[in-house]
Amino acid sequence: MINFALGRRNGRRPSNFPNNSQMEYNHKEIESRWQQYWRDNGIYKTEIDPARKKFYVLDMFPYPSGAGLHVGHPLGYIASDIYSRYKRQQGFNVLHPMGYDAYGLPAEQYAIQTGQHPEKTTIDNINRYREQLDKIGFSFDWSREIKTCDPEYYKWTQWAFMQMFGHYYDTVAHKARPISELEEYFSRHGSEGATAACSKELHFTADEWNAMDWKQREDTLMNYRIAYRAEAMVNWCEALGTVLANDEVSEGVSVRGGYPVEQKVMRQWCLRVSAYAPRLLDDLERLQWSESLKETQRNWIGRSEGAEMRFPVAGSDIELEIFTTRADTVFGVTFMVLAPESKYVEMLTAPEQKAAVCDYLKEVCRKTERERQIEKKVSGVFTGSYAVNPLTGKEIPIWVSDYVLAGYGTGAIMAVPAHDSRDYAFARHFDLPVVPLIEGADVSESSFDAKEGKMINSCGPELDLNGLEVKDAIAKTKRFIAEKGIGKVKVNYRLRDAIFSRQRYWGEPFPVYYKDGVACLLPEDKLPLELPEVDCYLPTSTGEPPLGRAKGWVSEEGYPLELCTMPGFAGSSAYYLRYMDPRNDKALVGREADEYWRDVDLYVGGAEHATGHLIYSRFWNKFLYDLGLVAEAEPFKKLVNQGMIQGRSNFVYRIKDTNTFVSHGLKDQYDTTPIRVDINLVSNDVLDTERFKAWRPDYADAEFILEDGKYVCGYAVEKMSKSMFNVVNPDDIVERYGADTLRLYEMFLGPLEQSKPWDTNGIDGVNRFLKKLWGFAQKATESPAREMTAQEKKTMHKLIKKVTADIEAFSFNTSVAAFMVALNELTKQKSDSREALDIFTRLIAPFAPHIAEEFWHMLGHEGSVVDAAWPEYDENCLKEDMVKYPVSFNGKTRYTVEVAADAPREEVERIALSHEGAAKWLDGKTPRKVIVVAGRIVNVVV
RNA sequence: GCAGGAAUGGUGGAAUGGUAGACACGAGGGACUUAAAAUCCCUUGGCCUUUACCGGCUGUGUGGGUUCGAGUCCCACUUCCUGUACCA
């Protein structure tokens, strides 16, 4: 039997709950009534309850754009809402909050155009989002709402930054430690033996440290802080007037707006994310994330094991440091290459080459990142200097080329043209020698990049690699160079430190002032440092960020405050912690709340945040974890990526130079131009011609060539956007069909993680299902209570089993199908069982909460259906009486036998072989093998 | 180039190695109706056989393999999607 526990909350039934329920399914009336009821009774308010297990379900909070929500946005929210409600019905204390990622470029750009304060636009948009979200019936606890632009919230963003400023990363203990401990160490031992992650290697003694003045010490410490200021190569976007992080740039243009981006050296705030690279990589293992997402992060972190080696420069005491993963190929190094930005370039340029090198550097600087990527032309210049190969003693030329990146490794490489395709292209272009090192490798056309084969040509005075496999040769060389002190084994990461400054207005101000040019933190009690008013949101005439316009933007002592603001990811990096304890003014999250809620059990959002938010959040969380402020080392235990919902644009076909439009099926008979048409004028691909004429003045006297009396439009799947006229507003769907239909339909559309076009064509089917379910509920609630029939039990317990398993597997489309099957079966059984309706109500409550709430009260229950116990299924009810077994001989089905469902294997065999047809196929032989598979097939091999 | 994923009817999509195509849309037919809408019922992968019932063959991108049995596992290939890229 099912445990019909009553709801936990004692919400009172609304007074306008209809007594005679004999009526049509009226979604508007039902949905507004129950939404009101949820609000009035605080049904979704969550509190710490040590008696119950917690479950934290989080959506990636939205950026409230001016365009409002389209039907793609709620897809993930619906899925997470179903899971939250399901978990709650199972007795978990579910935290399911929502808020807004309120800082962003569009609001600022709108502000520049209109002069309107971005806060105003943002709040307007938030209010609009809230209205749209409320209509869909989510179980968010809105009392925990946060906005990243709220000073009460960003106080803690600023506070976290201050902690990062006040800590360094210990590379041996693998954790952040207070910077004061490092100062203490320096005063005793100097830099020698310090195990701190740094921007560049510094060497000083304790005496030197102690002799430094305040400014010198601060400059030195800046090299170690986790939040630090440094000259960094940044992605500068002229059009946006700001720098961008690596994940905000794609293919040489800005992700937002698609403007060109160039490389530029600027003094910026940075976060030492790279120090956490090993932990960010290792901890991926224990996360329940999709393999593809983990792989994306692994690639982004980009661990590579290799060696760092020093090549002495001929006739000089300078040594060139390089990084390689192919230590085995040192014998094939025929030249060296420096990145144009490398500090070695100036040191190593010979006087006779100076002009050529200068010209080359100028040319490289002129090009943007984008141009460099598009051209992919081999270019470079000889410095005039030579390095000495430490294994062969031979001199090799040193070149400069932009194919070597300053930001990776040491900004210099040893070139092995025979076994690296880039070096090969360079060598061929400048006619440098190519020495193959692997037996059988043909390097006449291209390089041999594979790490396999036997070494040749690799014997020097002290080291012989000939005959070894590549793998062994690498290991042997590494050992050799370490012993000889030529280099050391080194692990390199591709992950860069995050650039943390933005030359913009609409972001969190830094709690930083400058005293004699030295960055200092404001005292903690001055937080939050609120964003000042400015008269205009553009940079100043001297090129300073907009905050340069703010009057009185100085500290109490009169020192100037930082003019940059923080980037978009700052506010979203720890928001999941703040939801746990959103109104705490003493801490980001209080100890009690953190130890109860701990981490996010289920995080739902788009995969596009793989290399941005999801890396920064993990870093931020690990930092706070190191400080002992949060309980878990990883913030998001399980993560599900919902697919994107694309738009489905409709086209009409205008015959050239006329105002006549021809239907899709006939368009090939004419010379036509396709024109996008507002999908609101189209229903099931059929155009409403009258409304089309009214749409644009140009079309007022349009004429149509119809097929079957209809104008049929063509369609294409594209991004959902205003400019394509294909935006579907969830409000319209809710208005017409109701929130429950929208919710079920979005889930029914296909697998959650898959991208798919929005297609309204199937929505009637889902709506019909709810109407039928409504009809069944009317019938069932009018009937007296009785025991379910065996058939009804089977239908309902099959449904419980299926829906439970499907929700656990996030297979919501198949659970919706299961509801449809179950209802069809009940209809065929002419069922009017109250008990069946009761089970149905509990199961469908997460999916269609409004109609479920209605049924819940029709059935006479108290409280809200959100606290209705989740039913358990009874395996006994699922048993079939007799099962049909197709019997196959040598793989071909020959006849069918009926066997009791729970018959043992031997019994099935006996019945199958005693069938009158068996003799014919056995043909006097004994069966070699008989296969019976759980309730399925018997196959007899003769 | 590299990495991850996918390929099933007219469409969206179901199938712990065990009756392929659940469910829905669309389409066709029927009932009700003066008519339409709504609603309900039937048919619906392809081919063949049959008056009909019954039945047969074939079928999950291509080619192989493992297995009594493959949409599912293995190998090779083709196409598409997503991410990423001078990362030494």
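Below, chain A is the first sequence line, B the second, and so on; all start at residue 1. Since we're looking at a predicted model, the values are computed, not measured.
Sequence neighbours left out, the pairs with a member in residues 323-333 of chain A that pass side chain to side chain donor-acceptor pair (under 3.5 Å) are A:Arg326-A:Asp328.
A:Trp774 and A:Tyr25 have tilted rings, their planes meeting at an angle from 30° to 60° on a 0 to 90° scale.
Listed by chain and number, the residues in a salt bridge (Lys or Arg N to Asp or Glu O under 4.0 Å) with A:Lys478 amount to none (sequence neighbours excluded). Not a single ring-ring contact (aromatic ring centres under 6.0 Å, His included) links A:Phe748 to another residue, sequence neighbours left out. Listed by chain and residue number, A:Asp832 satisfy the side chain to side chain contact (heavy atoms under 4.5 Å, CB included) test with A:Lys779 (two or more places apart in sequence, or in another chain). Annotation: side chain to side chain contact (heavy atoms under 4.5 Å, CB included) contacts of A:Pro397 (sequence neighbours excluded): A:Phe335, A:Phe382, A:Tyr386, A:Trp399, A:Leu432. Judged as a salt bridge (Lys or Arg N to Asp or Glu O under 4.0 Å), and not counting sequence neighbours, A:Lys756 has no contacts. In terms of the side chain to side chain donor-acceptor pair (under 3.5 Å) criterion, A:Ser755 has no residue partners (sequence neighbours excluded). Residues forming a side chain to side chain donor-acceptor pair (under 3.5 Å) with A:Glu875 (at least two apart in sequence, or on another chain): none.
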Collect all protein-nucleotide pairs involving nucleotides 35-45 of chain B in which both atoms are nitrogen or oxygen and the distance is under 3.5 Å.
none

Could you list, one pair per line, each protein nitrogen or oxygen that sits under 3.5 Å from a nitrogen or oxygen of nucleotides 9-14 of chain B, together with the distance?
| from | atom 1 | to | atom 2 | distance (Å) |
| --- | --- | --- | --- | --- |
| B:rG12 | O2' | A:Leu749 | O | 2.9 |
| B:rG13 | OP1 | A:Gln754 | NE2 | 2.5 |
| B:rG13 | O3' | A:Asn813 | ND2 | 3.4 |
| B:rA14 | OP1 | A:Asn813 | ND2 | 3.2 |

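Stems are defined here as 3 or more consecutive Watson-Crick or G-U wobble pairs with pairing distances under 3.5 Å; those involving RNA chain B are B:1-7 with B:78-84, B:10-12 with B:23-25, B:26-31 with B:39-44, B:45-48 with B:55-58, B:61-65 with B:73-77.
Looking at residues 817-824 of chain A, you'll see A:Ala817, A:Met820, A:Val821, A:Asn824 sit with a heavy atom under 4.0 Å from some atom of RNA chain B.
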